[in-house]
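Below is one structure, written out as structure tokens, with a few remarks after it.
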Amino acid sequence: MMQLTDWTPIILSVRVALIAVVTVTCLGLPLARLLARRDFLGKDVLEAVITLPMVLPPSVIGYGLLILIGKNGIIGQKLEALGISIVFTWWAAVLAAIVVSFPLMYQSARAAFKSVDVNYEKAARTLGAGELKIFFAITLPLAMPGIISGVVLSFARAMGEFGATLMVAGNIPGQTQTIPLAIYFAVDSGDEATARTLVAIITVFSFMVIYWVNRWAKRQNY
Amino acid sequence: MLEAKINKKLMFFTLDIEFQVNNEILVLWGDSGAGKTTVLQCLAGLEKPSSGIIKLNNNKLYSYKDRIDISTKDRNVGYLFQDYALFPHLTVMQNIMFGIKAKGKAARLLNPAELLRSFGIMHLTSRYPRQLSGGEKQRAALVRALVTQPQLLLLDEPLSALDKKTRINLRKELKELHKQWQIPFILVTHDEEEARFLGDKVINIRKGKAKQMNLQKITSA
């Protein structure tokens, strides 16, 4: 049963999810830190926009991305003029994964930063520490359990992305066919063996990641 | 010597206080929500007054008129937080070294080992805050605040988290500590007896209004 002739969907999925998670972490952490402790006009609107992809149907996100990066899209046209085409390449899959996983990273990181008692930061200030040192030596380590769970959730979401990916990256075996797409089309074409193997791999993998993270988070209780 | 005149608009009232402290213990005494902690936070630069002036040993830390507002990290003011605010992910030693590392080699700093010994917590250096009792936490937080050689020590309800026996012991220790350090201490408490025991000067704060108390008067009250 466990026979897989084509490993590219797995390699591609991991590659897409890794790039997406790194991007989402680098963008999400500073933004979450900024918005966790600051109030300004329009903050609620901004937060709603950031969270929107979490609740929108994937097809809406896919369509939105096509408007942006499609061959005749707002950004797509300009890229086309430079000879760059993103749509129906695996970079489009990365882009879709980033958009859908960003809200999860942002929400987890914001909650994590908010949960850090401000008195620790104040105490650090009275001890002569600058803001950068406070962030890296106090705030970040104390927020780490929440941030890690954000990383895991967004990684899982990026791995599982299907609808938007299908619309902007298509289903090109070996190029843009990620695990969820491969499963769908394997079932569609009656290739039960491939579908089962891929389902087993992604289920076991996801279980192990969540199990490990939960155990780790338990040990980080201060 | 510390001279302060602080005016700060708060949600429900305006905090208005003026005082001078030599190397003595000033107690700010009053009910919770009266604005006592806000005074400490203004002195430390963690909050900004609406107007006023703060001068520590002739250095202006804050002046509304001259638009001076020295940042907290450069004020050289020690602060003992109500729940001690020991960093939970660092050991006692790492907590204490935090201030030393932050201030760098330029600052004239004390030998932490000596201070730890004098506070009787040398054996606790590798423990985490969650493994300490209330009294031990307070000692560790005091060492952390004092090791950077502050010119002013602020103590926010330093004894309220402790049981009665520990409280009475530590009260004496605080007084003893002040004699050794010879810097102004400003201590916030809601406890009248504590105010009477510790304060060289006592200021009562009620809804932001400050009134200097005659010690005799509190004793008889």
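Every chain is numbered from 1 and lettered A, B, ... according to where its sequence line falls, protein lines coming before strand lines. Side-chain atoms are counted along with the backbone in the values below, which use heavy atoms only and exclude waters and symmetry mates.
Nearest heavy-atom pair across A:Gly62 and A:Val168 is O-CG1, 3.6 Å.
Considering only heavy-atom pairs separated by less than 4.5 Å from chain A, the leading option among B:Phe87, B:Tyr79, B:Tyr84 is B:Phe87.
Residues A:Thr89 and A:Gln175 bring no donor and acceptor atom of their side chains to less than 3.5 Å of each other.
Using cut-offs of 30° and 60° for the angle between ring planes, the A:Phe162 and A:Tyr184 rings count as tilted.
Both the backbone and the side chain of A:Asn119 come within contact range of chain B, each with at least one heavy atom under 4.5 Å from a heavy atom of that chain. Interface residue B:Leu86: only backbone heavy atoms are found under 4.5 Å from chain A. Using a 4.5 Å cut-off between heavy atoms, B:Gln82 makes no contact with chain A at all. Heavy-atom distances place both the backbone and the side chain of B:Phe98 under 4.5 Å from chain A. For A:Lys122, the parts lying under 4.5 angstrom from a heavy atom of chain B are both the backbone and the side chain.
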Throw together a table of side-chain donor-acceptor distances under 3.5 angstrom for residues 14-25 of chain B, partners on residues two or more places apart or in other chains.
| unit_1 | atom_1 | unit_2 | atom_2 | d |
| --- | --- | --- | --- | --- |
| B:Asn23 | ND2 | B:Gln182 | O | 3.3 |
| B:Glu24 | OE2 | B:Asn22 | N | 3.2 |
| B:Glu24 | OE2 | B:Lys201 | NZ | 3.3 |

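The CG atom of B:Leu159 sits 5.5 Å away from the CG atom of B:Leu174 when rounded to the nearest 0.5 Å.
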